[in-house]
2 protein chains.
Amino acid sequence: MTRILIVDDEPQLLRALRINLVARHYEVALADDGGSALRQAAQFHPDLVVLDLGLPDIDGVEVVCGLRGWTSVPIIVLSGRVGSQDKIDALDAGADDYVTKPFDIEELLARIRAVTRRAVPHGTQPAQIRIGERTVDLAAKTVSGDVRLTPTEWRLLELLLRNPGRLISQRQMLTEVWGAGYAKETHYLRQYMAQLRRKLEPDPARPAHLITEPGMGYRFAP
Amino acid sequence: MTRILIVDDEPQLLRALRINLVARHYEVALADDGGSALRQAAQFHPDLVVLDLGLPDIDGVEVVCGLRGWTSVPIIVLSGRVGSQDKIDALDAGADDYVTKPFDIEELLARIRAVTRRAVPHGTQPAQIRIGERTVDLAAKTVSGDVRLTPTEWRLLELLLRNPGRLISQRQMLTEVWGAGYAKETHYLRQYMAQLRRKLEPDPARPAHLITEPGMGYRFAP
DNA sequence: CGGGGGCGTAGGGAAAGCGTCAAGATACGG
DNA sequence: CCGTATCTTGACGCTTTCCCTACGCCCCCG
């Protein structure tokens, strides 16, 4: 469920927004000034902030900066000011969208959908990745079970593991690992992929995680 | 360098935007109708699309859908229509922002910055397309259900999927997939289309998505 | 009713791509 | 200076993919 923090000093607008959002199954938290907005954001960990610029205590742009200091949560700014400079300031401070009051609630909802659709779910990939019976730690550059990899093998493996499930073209692998000018040396790939499989795959002859896509490239299957 | 595709049918607006964007070191491509917009997007691979809704050939929302069929590139819609419903339709079709004309160029630039700042580098977000019971991801080159495609099959499928609903002539398919000298080898098409259908269609004998247009070409029906 | 063009399916030979073994070349540390 | 680890390069079977031919079907048209 998407969690939304609404920040506005007008009680009736706050109320109207809360009702509309709850009806659409959002989880809602409220704040009526900048200070409590920052506090609520830290506690509530919203997936989206709807922020009125005209707050009694802190300027709205300041609130945006305060949030952006530690979070990349999407922010939609509401404001009665129609001047372009206000919009530019808010957007460049880190806001994702800017809606001028008065606004149609349906439009705001559509913009909320647009912004949340784009947002990446927080919590990216962990540093530890399992390959068969082995565990690879990209940050520490270690593999469980006393397996050691050469620098070239690490570069190659990292490229694959950072794109789980995605096909990496031979060209991309060669240019990123060996450099431009080696784009045709597919021989290196076969050589080093074989070594990686020998060191990592449970059954190197039948690779289950370091997959070949003939004519195209390789992929890491988690 | 950020690459921007501008789609508008007014030459003077096109010109003004191009000048402003080039001055700010964006790389710019232009299109003046929906058809060339879709084509340009497939060729130019922009990091952002600025799209006017009032195009002569295709409705703007259709263009948004056409793009969203295969890419998650950010889209900022321009429009003279101020009605909320137009905004909602465009945003829900997959647009990221909606700016009503006339607009301040500085505001548009700020919105461009806001949208591109949020955008993740190419390909990290899956752009998935449904074909029957299968799901195709063009960026990762994956098909659900342990289906694998050969390089030629991918080139052919990509061409069709990037032009959803549109007829692709045999000539175009042959030249783009096999090369300029193969424009008459229509039996290649029958061969590979059959294979694609076998691998993707629920009932290959009665294709529901990879449609033959006798004497003309083929079409992908979403 | 017969013929022809366009379409779908099947199968086989050629070629390209892949995995592997092995050995020479190069860098690095003792 | 030598030995080891690592990176290049070459050669050889094997698999996948591509290209091509052949054949049967359907629809349109004569």
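In what follows, chains are A, B, ... by sequence order, proteins preceding strands, each numbered from 1.
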Query raised in the report: Which residue, B/Glu213 or A/Glu213, contacts DNA chain C at a nucleotide closer to its 5' end, judged by nearest heavy atom?
Result: B/Glu213
Flag yes if more than 12 heavy atoms outside [X] fall under 6.0 Å of its [atom1] atom; otherwise flag no.
X: A/Phe44; atom1: CZ; result: yes
X: B/Arg113; atom1: CZ; result: yes
X: A/Arg68; atom1: CZ; result: yes
X: B/Arg15; atom1: CZ; result: no

**Report entry** B/Leu157 vs B/Leu200 side-chain heavy atoms within contact, under 4.5 Å
**Finding:** yes
Query - Min side-chain heavy-atom separation B/Val136-B/Trp154 under 4.5 Å - result: yes
Nearest whole angstrom, please: distance from the [atom2] of [N] to the [atom1] of [X].
X: A/Met216; N: C/dC18; atom1: CE; atom2: C1'; value: 14 Å
X: B/Lys184; N: D/dC19; atom1: NZ; atom2: P; value: 19 Å
X: B/Leu156; N: D/dT17; atom1: CG; atom2: C1'; value: 15 Å
X: B/Ile211; N: C/dC7; atom1: CD1; atom2: C1'; value: 14 Å
X: B/Leu149; N: D/dT16; atom1: CG; atom2: P; value: 16 Å
X: B/Glu185; N: D/dT21; atom1: CD; atom2: P; value: 9 Å
X: A/Leu174; N: D/dT9; atom1: CG; atom2: P; value: 13 Å
X: B/Leu210; N: C/dT9; atom1: CG; atom2: C1'; value: 17 Å

Would you indicate what [X] reaches in the nucleic acid, counting non-hydrogen atoms under 4.0 angstrom: base, sugar-phosphate, or nothing?
X: B/Thr186; answer: nothing
X: B/Glu153; answer: nothing
X: B/Tyr218; answer: sugar-phosphate

Check whether [X] reaches the backbone of [Y] with its side chain - one donor and one acceptor, N or O, closer than 3.5 Å.
X: B/Arg197; Y: B/Leu210; answer: yes
X: B/Asp97; Y: B/Ile76; answer: no
X: B/Lys141; Y: B/Leu138; answer: yes

With respect to the phosphate group of [N], does any side-chain polar atom (N or O) of [X] fall under 4.0 Å of OP1 or OP2?
X: B/Trp178; N: D/dC19; result: yes
X: B/Thr150; N: D/dC18; result: yes
X: A/Thr212; N: C/dC18; result: no
X: B/Arg148; N: D/dT16; result: no

Query raised in the report: Do the rings of A/Trp178 and A/Tyr188 sit parallel, tilted or perpendicular, given the 30° and 60° boundaries?
Result: tilted
Query raised in the report: DNA chain D in dot-bracket, Watson-Crick or G-U pairs under 3.5 Å, [ ] crossing, | other strand?
Result: ||||||||||||||||||||||||||||||
Query raised in the report: Near DNA chain D, under 4.0 Å by heavy atom, which residues of residues 187-206 of chain A?
Result: A/His187, A/Tyr188, A/Gln191, A/Tyr192
